[in-house]
Engineer: 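I have a structure here, written as structure tokens, and I will follow up with some questions on it.
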Amino acid sequence: MKRPFAIVHGVLIACVLVMVGEAVALVWLTPHYLLRRLERAADGRLVIGGAHLSLPWAITLTNLRLAHGSSQALLTVQRVVLKPRWVSWASRTMWLETLDIEQPLLRLTRAPDGSIRWPSLAALASEEPRPASSPAVVAPTPRPASWRVHIDSVKITEGVVEFIDRKSPQPFH
């Protein structure tokens with residue numbers, strides 16, 4: 001007696017649907033969730049253009065920049081690749097195998113009065129309210145508890161530091 005093909009086809013279709021659902025969750029939902037969580041953890045002070053998850057567990061973030069950057073003081077990164085090794089929710093610790101930073105740009109300006117304008121990295125972790133010009137967060141969230149991050153290897157590729165000097169030179173006597 002032969003088995004009916006309808007049962008076999010139903011099981012195969014169910015397996016394919018489960019695999020497609022997992023692929024959608026890993027490829028589309030997980031990077032978008034991670035992107036929103038990182039932006040929320042920085043309280044709108046960090047803007048991330050896109051996120052991509054590739055196996056075996058490499059997270060690629062593209063077009064990162066400080067939200068409060070200006071033409072005088074700017075920090076942008078074209079691409080960051082994180083390869084996590086382990087995350088401990090109980091101790092709030094994350095271990096990264098590698099952190100690859102590609103094409104970072106740091107712009108500094110010396111004003112005519114002699115002061116140097118740096119991008120404020122402390123604003124990412126500060127408790128101060130954001131300036132009104134920065135992008136609004138959808139809903140105010142409580143500050144997350146701090147995390148410890150251990151990085152085994154950091155690689156910076158094609159970094160640029162721009163120094164714009166607007167101070168007039170001293171006359172030569």
Side-chain angles (χ1 to χ4, degrees), residues 12-108 118-128 130-131 133-162:
L12 288 175
I13 289 173
C15 290
V16 168
L17 288 175
V18 166
M19 290 174 30
V20 167
E22 288 176 354
V24 166
L26 284 175
V27 173
W28 190 79
L29 292 176
T30 303
H32 283 78
Y33 174 76
L34 175 69
L35 182 121
R36 299 297 164 237
R37 293 299 295 174
L38 286 173
E39 286 179 345
R40 186 171 288 173
D43 198 25
R45 294 179 176 104
L46 180 67
V47 178
I48 304 170
H52 178 72
L53 177 70
S54 59
L55 298 176
W57 304 114
I59 302 161
T60 304
L61 305 172
T62 56
N63 299 326
L64 282 85
R65 65 179 173 84
L66 293 177
H68 59 277
S70 67
S71 62
Q72 296 176 348
L74 177 70
L75 177 64
T76 63
V77 178
Q78 187 67 31
R79 186 174 136 172
V80 174
V81 179
L82 306 156
K83 291 185 183 173
R85 183 172 37 170
W86 185 256
V87 175
S88 172
W89 294 101
S91 65
R92 301 189 73 78
T93 305
M94 178 175 21
W95 289 269
L96 297 176
E97 194 172 312
T98 61
L99 174 65
D100 296 338
I101 302 171
E102 297 177 10
Q103 299 177 347
L105 168 67
L106 173 64
R107 183 177 297 152
L108 313 169
W118 291 77
S120 177
L121 297 177
L124 285 174
S126 71
E127 297 289 332
E128 301 172 5
R130 291 182 326 244
S133 63
S134 66
V137 176
V138 174
T141 58
R143 296 292 298 174
S146 60
W147 278 70
R148 290 184 183 178
V149 179
H150 298 275
I151 304 171
D152 289 341
S153 172
V154 176
K155 180 180 173 186
I156 299 175
T157 308
E158 298 178 17
V160 176
V161 177
E162 288 182 358

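Each residue takes its place number in the sequence, starting with 1.
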Engineer: To check you understand the geometry: which heavy-atom pair defines the closest contact between His150 and Thr93, and what is its length?
Structural biologist: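 Residues His150 and Thr93, closest heavy atoms: CD2-CG2, 3.3 Å.
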Engineer: I'd like to know if Glu162 pairs up with Arg107 as an ion pair, taking the criterion as any Lys NZ or Arg NE/NH1/NH2 lying under 4.0 Å from an Asp or Glu carboxylate oxygen.
Structural biologist: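 Here Glu162 pairs with Arg107 in a salt bridge, since their nearest N and O are under 4.0 Å apart.
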Engineer: For the residue pair Arg85 and Asp152, what are the closest heavy atoms and their distance?
Structural biologist: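 Nearest heavy atoms, Arg85 then Asp152: NH2-OD2, 2.8 Å.
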Engineer: Which pair of non-hydrogen atoms, one from Lys83 and one from Ala58, has the smallest distance, and what is that distance?
Structural biologist: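 Answer, listing the atom of Lys83 first, then Ala58: CG-CB, 4.1 Å.
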Engineer: Supply the atom-to-atom distance Asp100 CG to Arg79 CZ, rounded to the nearest 0.5 angstrom.
Structural biologist: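 The CZ atom of Arg79 is 8.0 Å from CG of Asp100, to the nearest 0.5 Å.
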Engineer: Quick check for you: to the nearest 0.5 Å, what is the distance between Arg148 atom CZ and Trp95 atom CH2?
Structural biologist: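 So the CZ of Arg148 and the CH2 of Trp95 are separated by 9.5 Å.
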Engineer: Run through Ile156, Leu64, Leu105, Leu106 and flag the one making a side chain to side chain contact (heavy atoms under 4.5 Å, CB included) with Val77.
Structural biologist: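 Single pass found, and it is Leu64.
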Engineer: Let me confirm one number: the OG1-CG distance from Thr98 to Leu82, rounded to the nearest 0.5 Å.
Structural biologist: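 Going from OG1 on Thr98 over to CG on Leu82, the span is 8.0 Å.
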Engineer: Checking Leu53 now: which residues fulfil side chain to side chain contact (heavy atoms under 4.5 Å, CB included) with it, not counting sequence neighbours?
Structural biologist: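 So Leu53 forms a side chain to side chain contact (heavy atoms under 4.5 Å, CB included) with Leu26, Thr30, Pro31, Trp57, Ile59.
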Engineer: Output all residues satisfying side chain to side chain contact (heavy atoms under 4.5 Å, CB included) with Ile151, sequence neighbours left out; order by chain, then residue number.
Structural biologist: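 Expected list: Leu96, Leu99, Val149, Val154.
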Engineer: Who passes side chain to side chain contact (heavy atoms under 4.5 Å, CB included) against Thr157, sequence neighbours left out?
Structural biologist: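 Side chain to side chain contact (heavy atoms under 4.5 Å, CB included) list for Thr157, sorted by chain: Glu102, Lys155.
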Engineer: Report the C-alpha distance between Ile48 and Asn63 in whole Å, list the side-chain angles of each, state the deciding distance to 0.1 Å, and finish with yes or no for side chain to side chain contact (heavy atoms under 4.5 Å, CB included).
Structural biologist: CA-CA 6 Å; Ile48 304 170; Asn63 299 326; over 6 Å; no
Engineer: So, do Leu75 and Arg65 sit near enough that their side-chain heavy atoms are less than 4.5 Å apart?
Structural biologist: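 No; the side chains remain at least 4.5 Å from each other.
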